[in-house]
Amino acid sequence: MTLSPPLATGEVQKVATRAAYGEALLALGGQRDDVVVFDADLSGSTKTKAFGQAYPDRFFNFGVAEANMMGTAAGLASLGRQVVFASSFAMFATGKAWEQLRQCVCVPNLNVKVCATHAGLTVGEDGKSHQMLEDITLMRAIPNMKVIVPADSTEAKAAVLAAVDIPGPVYIRLSRASTRVILGDDYRFELGRGTVLRDGTDLAICACGVEVAEALDAAELLFAKGIDARVINLSTVDPIDEELVTAAARECGAILTVEEHQIRGGLGDAVAQAVVKHCPVPMEMAGMDGEFGQSGPPNDLLTHYGLDANGIAARAQELLRRKG
Amino acid sequence: MTLSTERIQELQEIAKQVRVDIVSMVHAAKCGHPGGPMGMADFMTVLFMEHLNLNAENLNDPGRDRFVLGNGHTCAGYYALLAAKGLIPHEELLTFRKLGSRLQGHPHRTPEMGIDFSTGSLGTGLSAAAGMALGARLNGTAAHVYCTSSDGDSQEGQIWEAATSAAHFELANLTVIVDFNNIQIDGKMRDVMNVRDLRAKYEAFGWNALDVDGHDLGALDQALSETRNTSMPTAIIAHTTIGKGVGYMEDTSSWHGVAPDDEQLAVALAELGAAG
């Protein structure tokens, strides 16, 4: 697997994962007539609108009523013919409609793909009411739900195209902000499989979503200080790649997790559960530690909360002191 | 076409057996909800025996009708009717609520015995039923989707989100029967949280809506017949007496979620004409 050319050439291409979702949906619409898309009055922002314009008979706008949208998606999927993609902002898709996702989608294990955009701190200026920082926790707590946090637009597109054939409920966490494309076109997404993007043995940095690019940059900063960090993209948070995490713990002896999400119940917890079970080593978890975000440009927020490359590199050095 | 006197008598016998099954199941489980399904037994019997196109032969037919028990706690009567239709063995009813049973305390989607959806959390059923109605239209089938609700269920906001969207999408193939018995766990519905005139509310949301005596089998049959020829979804507000058929259970919130003991079961069975 190659990393995207920009890293090699210095040309930076930035695309939002939500945009890749919209493209993938449009492609799926042409390939399969069993794909149906639901939205809740945010189709311009979630990027489902293009599907709706191309396939109006298979697109349904539910207005500002997310609980009903998820329940209706479950009812439609229960007939066994359609795959329903249901979208809103992560705050509303997983917050307002959590109970419907549990009772109506996951209890009967139905074919509903929840693709939620505007997740995490990088929502930016809209601030704490819209920065969903608890969705990974909420989704991975429910049996049958698979949780995917794509690292960039390449992976987002691949994950959406894969999700249509993954049986049962899937949650895909997408971002508003345009972020760097880091994966090459030959990237193959596989549910439950993490990817080592940079090898190293001093510590392993496990990241998901927009934090994968920051982790790669942090590894460069650390390398300049003589620290060789392994960077792992754990885009599937549930089921977590226990084998890859265990190998990282054994070979690196220390693990730092990074996510634009609460560390309670998020990627950090998922990795920690695998580590304590198979190979306990010192860990640090970078993320939101029990506080809400605030308004600001996305990059300023990442810097403020220690989730940019510099912040991650600093946490890595703290962790190495504990590793001894 | 209206039901013949003979057919009404046959349906009354089936409804009586459903009530006998309900009290027997809840007694055997030593817990559960007898009052609600006793009140619903008449309209559930007319729906299942005369209208719902679901049986052992067409179970896997994508074009068959669908059913969602929106007030999932009343499932004892639902299971009794699945037995009456031959979808589950009658003797299985007494496994209700026991470890390992298919007959969970609230319905769990089990296609092989005709349970189309999981319910139990109030407010969620009507959305699911609307999704099935939308799917039936997408799939080009003539399936009709029936859903139950209740006055208590109508206190949930999601019901009105679903009512809004079902009318917006003009889901004429959707019918909800609302068990309106004026009773909820904490007491009289009008004292706890009065939902007022549900027919007027559904009408205001764009539905066909009508009030029916929930124990008049002929009127229920006629109301259900009319729902097949409409351009909008239909709400049948069935006015019922909770616990109907057993004197000590009628019109009281105290039998909403309590099991009869041995003595109370004997009294109930005697009143229902099934002592033994």
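Sequence lines set the chain letters: A, B, ... in the order given, protein chains first and strands last, and positions in each chain run from 1.
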Side chain from CB out, backbone as N, CA, C, O: work out which of these in [X] comes under 4.5 Å of a heavy atom of chain B, or both, or neither.
X	value
Gln103(A)	both
Ala67(A)	both
Asn61(A)	backbone
Asp57(A)	backbone
Val84(A)	neither

Checking heavy-atom separations under 4.5 Å from chain A, one finds in residues 158-172 of chain B Gln158(B), Glu161(B), Ala162(B), Ser165(B), Phe169(B)

request  = Given side-chain contact (heavy atoms from CB on, under 4.5 Å), test Met132(B) with Thr72(A) step by step and report yes or no.
outcome  = CA-CA 8 Å; Met132(B) 294 175 185; Thr72(A) 308; over 6 Å; no

Any chance [atom1] of [X] has more than 12 other-residue heavy atoms, nucleotides or ligands included, within less than 6.0 Å?
X	atom1	value
Arg193(A)	CZ	no
Lys85(B)	NZ	yes
Lys146(A)	NZ	yes

When every non-hydrogen atom of Leu76(A) is compared with those of Leu134(B), the smallest separation belongs to CD1-C, 4.5 Å

Closest non-hydrogen contact found for Cys104(A) with Phe117(B) is O-CZ, 3.5 Å

Answer key: most heavy-atom pairs under 4.5 Å with chain B among Ala74(A), Ala77(A), Ala73(A), Ser78(A) is Ser78(A)

| task | Kindly indicate, with the supporting measurements, whether the criterion side chain to side chain donor-acceptor pair (under 3.5 Å) is fulfilled by Ser121(B) and Glu99(A). | result | CA-CA 9 Å; Ser121(B) 173; Glu99(A) 212 227 348; 2.5 Å; yes

Output for pair (Leu110(A) CG, Arg109(B) CZ), nearest 0.5 Å, gives 5.5 Å

CZ of Arg58(A) to CG of Leu138(B), rounded to nearest 0.5 Å, is 9.0 Å

